[in-house]
Number of protein chains: 2
Amino acid sequence: MASRNMTQAAFFVLTALADQPRHGYGILREVEELSGGDVQLRVGTLYGVLDRLTADGLIAPDREEVHDGRLRRYYRVTDDGTRALAAEAERMAAGASAARQRIAEGRKAPAQPVNPAANPSTGPGLAGGMA
Amino acid sequence: MASRNMTQAAFFVLTALADQPRHGYGILREVEELSGGDVQLRVGTLYGVLDRLTADGLIAPDREEVHDGRLRRYYRVTDDGTRALAAEAERMAAGASAARQRIAEGRKAPAQPVNPAANPSTGPGLAGGMA
DNA sequence: GCGCTATATATCGGAAGGCGAGATATCATG
DNA sequence: CATGATATCTCGCCTTCCGATATATAGCGC
């Protein structure tokens, strides 16, 4: 929804490919596993994402193998893709951190109307505090 | 793109409202500020999000005020909204953490073809190591 | 052999969501 | 009086999501 943002689906595909090349079906299972089941990337979503990421140069076809008569088409992350993923991870961590902080702040004064001078850019750039 | 996921736009609107009630235009500026300019929520996006979040019971109209002859329509987060935001923040932090970890893992063996026995569910449930 | 599940690819079309553009209105600045 | 900031909201195009569907191989139970 904003300038240099990538979709959730794209983010998880890149994450699944970040450590090693995988094929479509493998990405599907990997995303589900690495998110603890929280994220279920759908088949119908996958190929569109794969096409877009390829067109954007963030991933590239790696190789094709045949296992038990079934074709596997592998993709790998490009350098640009790794950079984009890292940047997006920072943005997400920052957003998550900002959300947590604000929830805590909101709980301090739940019934409070507005509270003047409450917005002196507390923790300006967010930029998360984990890792 | 998956089960209980909310959109990026919804996430940032909830985050902007987390500490105190705000009106539409205020949300717009707040999202931009709290993200350091990374996220620009568009006017055309805002009202759709506001309607959906209201319909889902995650936010609610708070009050209306007039400043300098201009109407301000305030919204606040409901308890459900705070819970949903907190959950989403956890998911995002976990995803960001997983991405970072995998980028690091991928760099260990960049030229490696596949590496056998590389997938024994290394670092199984992510669930990040922050907070 | 037959049906079912898992693995594996890919496409289609409807629905949901994002966003540029425009309409409307007040106030301040130049 | 024009421009820009503040403030609301709608319309329609386009992108993205995803359920359904099609196709094909291998393995298991019956």
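Numbered from 1 within each chain, the chains take letters A, B, ... in sequence-line order. Below, each value reflects all heavy atoms present in this structure, side chains not excepted, and no hydrogens, waters or symmetry copies. The structure presented is a predicted model; accordingly, all values stated were derived computationally and were not measured.
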Which ones in residues 47-55 of chain B lie close to DNA chain C, meaning a heavy atom under 4.0 Å from one of its atoms? V49(B), R52(B)
For [N], does either OP1 or OP2 sit under 4.0 Å from a side-chain N or O belonging to [X]?
X: R42(A); N: dG19(D); value: yes
X: R73(B); N: dT8(D); value: no
X: T7(A); N: dC17(D); value: yes

For residues 19-45 of chain B, which residue pairs qualify under ring-ring contact (aromatic ring centres under 6.0 Å, His included), counting only residues two or more places apart or in two chains? H23(B)-Y74(B)
Send over the distance from [X] [atom1] to [N] [atom2], rounded to a whole Å.
X: L28(B); N: dT8(D); atom1: CG; atom2: P; value: 9 Å
X: Q40(B); N: dG20(C); atom1: CD; atom2: C1'; value: 13 Å
X: N5(A); N: dG17(C); atom1: CG; atom2: P; value: 17 Å
X: L71(A); N: dA10(C); atom1: CG; atom2: P; value: 7 Å
X: Q8(A); N: dG17(C); atom1: CD; atom2: C1'; value: 13 Å
X: Y74(A); N: dT7(C); atom1: OH; atom2: C1'; value: 12 Å
X: R22(A); N: dT9(C); atom1: CZ; atom2: P; value: 13 Å
X: R29(A); N: dT5(C); atom1: CZ; atom2: C1'; value: 14 Å

Contact nearer the 5' end of DNA chain D, comparing R72(B) with V43(A): R72(B)
Output a table of nitrogen or oxygen pairs between the protein and nucleotides 26-29 of chain C separated by less than 3.5 Å.
{"unit_1": "dT26(C)", "atom_1": "O3'", "unit_2": "D68(B)", "atom_2": "O", "d": "3.4"}
{"unit_1": "dT26(C)", "atom_1": "O2", "unit_2": "R70(B)", "atom_2": "NE", "d": "3.0"}
{"unit_1": "dC27(C)", "atom_1": "O4'", "unit_2": "R70(B)", "atom_2": "NH2", "d": "2.9"}

With a 4.5 Å heavy-atom cut-off, do [X] and [Y] have their side chains touching?
X: Q8(B); Y: T7(A); result: no
X: E90(B); Y: E88(B); result: no
X: V31(B); Y: F12(B); result: yes

If the condition is side chain to side chain contact (heavy atoms under 4.5 Å, CB included), which residues does [X] pass it with, not counting sequence neighbours?
X: A99(B); value: F11(A), T15(A), L85(A), A89(A)
X: A86(B); value: I103(A)
X: V49(A); value: A9(A), A10(A), V13(A), T45(A), R52(A), L53(A)

Taking only residues at least two apart or on different chains, which pairs with a member in residues 67-78 of chain B satisfy salt bridge (charged side-chain N to carboxylate O under 4.0 Å, His left out)? D62(B)-R76(B), E64(B)-R73(B)
Test of understanding: with side chain to side chain donor-acceptor pair (under 3.5 Å), list the residues that count as partners of R83(A), not counting sequence neighbours. D80(A)
Qualifying residues under side chain to side chain donor-acceptor pair (under 3.5 Å), relative to D56(A), sequence neighbours excluded: none
Can you check whether L50(A)'s main-chain N or O pairs, donor with acceptor, with T54(A)'s side chain at less than 3.5 Å? yes
R63(A) side chain to P61(A) main-chain N or O, any donor-acceptor pair under 3.5 Å? no
Are any protein N/O atoms closer than 3.5 Å to N/O atoms in nucleotides 11-13 of chain D? If there are, list each pair with its distance.
none

